[in-house]
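Here is the structure we will look at.
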Amino acid sequence: MKHVLVAVAWPYANGPLHLGHMAGCYLPADIFARYHRLKGNQVLMVSGSDMHGTPIMVTAQQEGAEPEEVALRYHEINSRSMEQMGISFDLFTHTHTPEHQAVVHEIIGRLDDAGYIEPRTTTAPYDPKAGQFLPDRYVEGTCPHCSSTGARGDQCDSCGKTLDADELIDPHPKLNPEVALEFRETEHLFFRLSAFREKLLEWLAEGKEHWKSNVLNFTRNWLEEGLVDRAVTRDLEWGIPVPRDGYEDKRIYVWFEAVMGYFSASRHWAQLQGDDEAWRKWWDDPEAEHRYFMAKDNIPFHTIIWPAMLLGCGLKLPHDVPANEYLLLDSAQFSKSRRHAVWIPDYLERYDPEALRYYLAAVMPEQKDTSFTWEDYVTRVNTELIGNLGNLLHRVISFAQKNFPDGLHADECSLPELRDRAAEAHAKMDVALAACKFKRGLAAMLELSQATNAALNEAAPWKLLKQDRAACEVQLVGFLNICRALSIMMLPYMPRTGETAWQYLGLSGTPQEVGWDAVLDGENDFTLQRPKPLFAKLDLQKVLEKEMPPNELHELKPEISFNDFKKLDIRVGTVTGVEKHPDADKLWLLEVDFGGPTRRLVTGLRGIYEADELQGRQIAVLVNLERTKFRGVESGGMLLAAESGKVVSLLQPDQQVENGSRIH
RNA sequence: GCCGGGGUGGCGUAGUUGGCAGCGCGUCGGACUCAUAAUCCGAAGGUCGCGGGUUCAAACCCCGCCCCCGGCACCA
């Protein structure tokens, strides 16, 4: 019996969860946790909502609400999604709790005692009118290198050099250009991340054979490039207070405290159990294993920053960080702002969570990005989940129940070969699940189901029934035992379905109690219940009708007046020249003829349109947009294009018109 | 440009100590009728991105190149 900590990345509480979140970390973590529980190991699975991110403040501002209100709202929504999807957290909390705050303060104290936290005085841009410090990117001024006027406090777009805000000449707040900025001294706490480079390299040097190569490579690369000490406090109001005099107006930077949630949630869970020390079984036991589940964007936080903190206070390091790649939607990344997403709450309104668990496990982005499409979802659910697995259970149980309503009995196993196949599949699954290879585990189970379908056709109990009823009964017990095995084996993937099948089989207790190692134990007696199909078949046409109409009128922007519209000067022009931007890979420089002198446009269409596709083409351009420079080159307008998922398509008049023609 | 991942039959994919290239969907033919028009059997279909090299043997190792995806730089 082992103690296994299943730690899952903390979702930002600024929006609902989508399929990518599920496939990326919550489902794999849950499959893993359920597998270990079935094995009889002690699992502690924790996560929660990250309440303090800047995106939440932005969302709150947009909605005119308080950050806490927004965060709690999404925390509730996401907690419910987790529950409905059957993600079996021992605790799904959030970072805006007294328990989390207490642990964060404790960890900072431990790091501080060990000499890894130090205050440093820096100068930062301060807006005297607003009475607050400003983030560098909200500061504008004249670039000391190229004298361009629109340089930001973090970088000058004109010459591309990175800057500090205090290098700018005549700095002012971007949002209030008339205010003269001051630079005031401000003290912040820094985490001496750089002190951990050697220790982290040592840690990564051995015993990491089971790590995914991308995780390991990515991490080593980061370390090679060197670690920079990072500020862990910020001049903000939303976040965890800093336990130090003089820091009353500051908060702990979210990247620093959110990862501590793994530890705080373990402790919080223990308190809720009524045993404040219960967490130690996972954190103090040298044999305990910690696994962290997340998508690839989170790798450095879990392989460098959090481990550094763990080293700094002498806590247990991750055993594995099996980060996934991304699940894409129709080959393009999920995106909240582009409304390119399938949200979990929307999915759950119409479809079966267990079918989604099946499908996402089958296409899980374990080695590389994979795609969700509704067509593929319907196909795989109908053919693999229902046709192969669901139908097998249904055909065996319903046939046996119909013909032997009073029960079946056999003294020995009538299908030794098939039982061997089951043993083989069980062993394969065991290896795969222990190594977090969930697609492989699922495939092993379906192979068994497929082989059982074949054996059933071969044995043809519906024929035998008429010739030798007793022999048929014995044979059916053999098949029912395979169904029994499958109903346990499917539990990590589809827990509710496994339980339902168990009930139809008329077996006592729950399959969870019986456990993983009892998969091959055979029963001699079955008294079945009349089964109903385990899954509902999907109709592709109907699904597409529901899901495909673009949600055009969702999230409509606020209404504007005709006068507002008249402010836009949109013209037709002809592209007369196309060149590459000298310093940027994604930008074209277009010369466009509007009937007078040509204008230069900088546009991000490189990679979408080839030069010869643009040359000579008429396009629609917003020409009175404020001029900005893109990596040093000024753009005289914005090209209009339609965007749908991955497709970007230029607008053009459907017949040749005079250059400079207005669009209205 | 830098970093990471990937290019395998129409589509989606497996293949980590180099040893006859597997699987699912789709297609075609057949079997069966217990089952959710489901299941099973068989067939067609692959220069394993390209070019070199190492080896008795390369999808796998080495070198060079091309293309795709993501991150950064950046941008919509």
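Numbers restart at 1 for each chain; the letters A, B, ... are given by sequence-line order, proteins then strands.
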Original post:
Looking for any heavy atom pair under 4.0 Å, which part of the strands does L446(A) touch: base, sugar-phosphate only, or nothing?
Top reply: nothing
Subject >> Euclidean distance for C1', rG7(B) against rG15(B) (whole angstrom) >> reply: 15 Å
Original post:
Relative to the ring of Y292(A), is the ring of W306(A) parallel (under 30°), tilted (30 to 60°) or perpendicular (over 60°)?
Top reply: perpendicular
Subject >> Sugar-phosphate or base contact per nucleotide [nucleotides 3-15 of chain B; S, B, -; heavy atom under 4.0 Å] >> reply: SSSSS-----SSS
Subject >> RNA chain B-proximal residues of residues 465-482 of chain A, any heavy atom under 4.0 Å >> reply: none
Subject >> Geometric class of the Y351(A)/W374(A) ring pair [parallel <30°, tilted 30-60°, perpendicular >60°] >> reply: tilted
Subject >> Face-to-face stacking of F399(A) with rC34(B), centres under 5.5 angstrom, angle under 30° >> reply: no
**OP:** Count the heavy atoms belonging to other residues, nucleotides or ligands that lie under 6.0 Å from CZ of R530(A), then report whether that count exceeds 12.
**Re:** no
Original post:
Relative to each other, are the rings of Y377(A) and F372(A) parallel, tilted or perpendicular (30° and 60° limits)?
Top reply: tilted
Output side-chain donor-acceptor pairs under 3.5 Å for residues 318-327 of chain A, partner residues at least two apart or in another chain, one line each.
residue	atom	partner	partner atom	Å
N324(A)	OD1	K212(A)	NZ	3.2
N324(A)	ND2	A23(A)	O	3.4
N324(A)	ND2	G24(A)	O	3.0
E325(A)	OE1	K296(A)	NZ	3.0
E325(A)	OE2	N214(A)	ND2	2.5

**OP:** Please list all pairs passing the salt bridge (charged side-chain N to carboxylate O under 4.0 Å, His left out) test where one or both residues lie in residues 457-472 of chain A, with sequence neighbours left out.
**Re:** none
Original post:
Between Y504(A) and Q401(A), does any side-chain donor sit less than 3.5 Å from a side-chain acceptor?
Top reply: no
Original post:
Taking the same atom, P, in rA59(B) and in rC48(B), what whole-Å distance lies between them?
Top reply: 7 Å
Original post:
Can you tell me which stems RNA chain B forms when a stem means 3 or more consecutive Watson-Crick or G-U pairs under 3.5 Å?
Top reply: B:1-7 with B:66-72, B:10-13 with B:22-25, B:27-31 with B:39-43, B:49-53 with B:61-65
Atom pairs under 3.5 Å, N or O on each side, protein against nucleotides 40-44 of chain B: can you list them with distances?
residue	atom	partner	partner atom	Å
rC40(B)	O4'	N457(A)	ND2	2.6
rC41(B)	OP2	Q450(A)	NE2	3.4

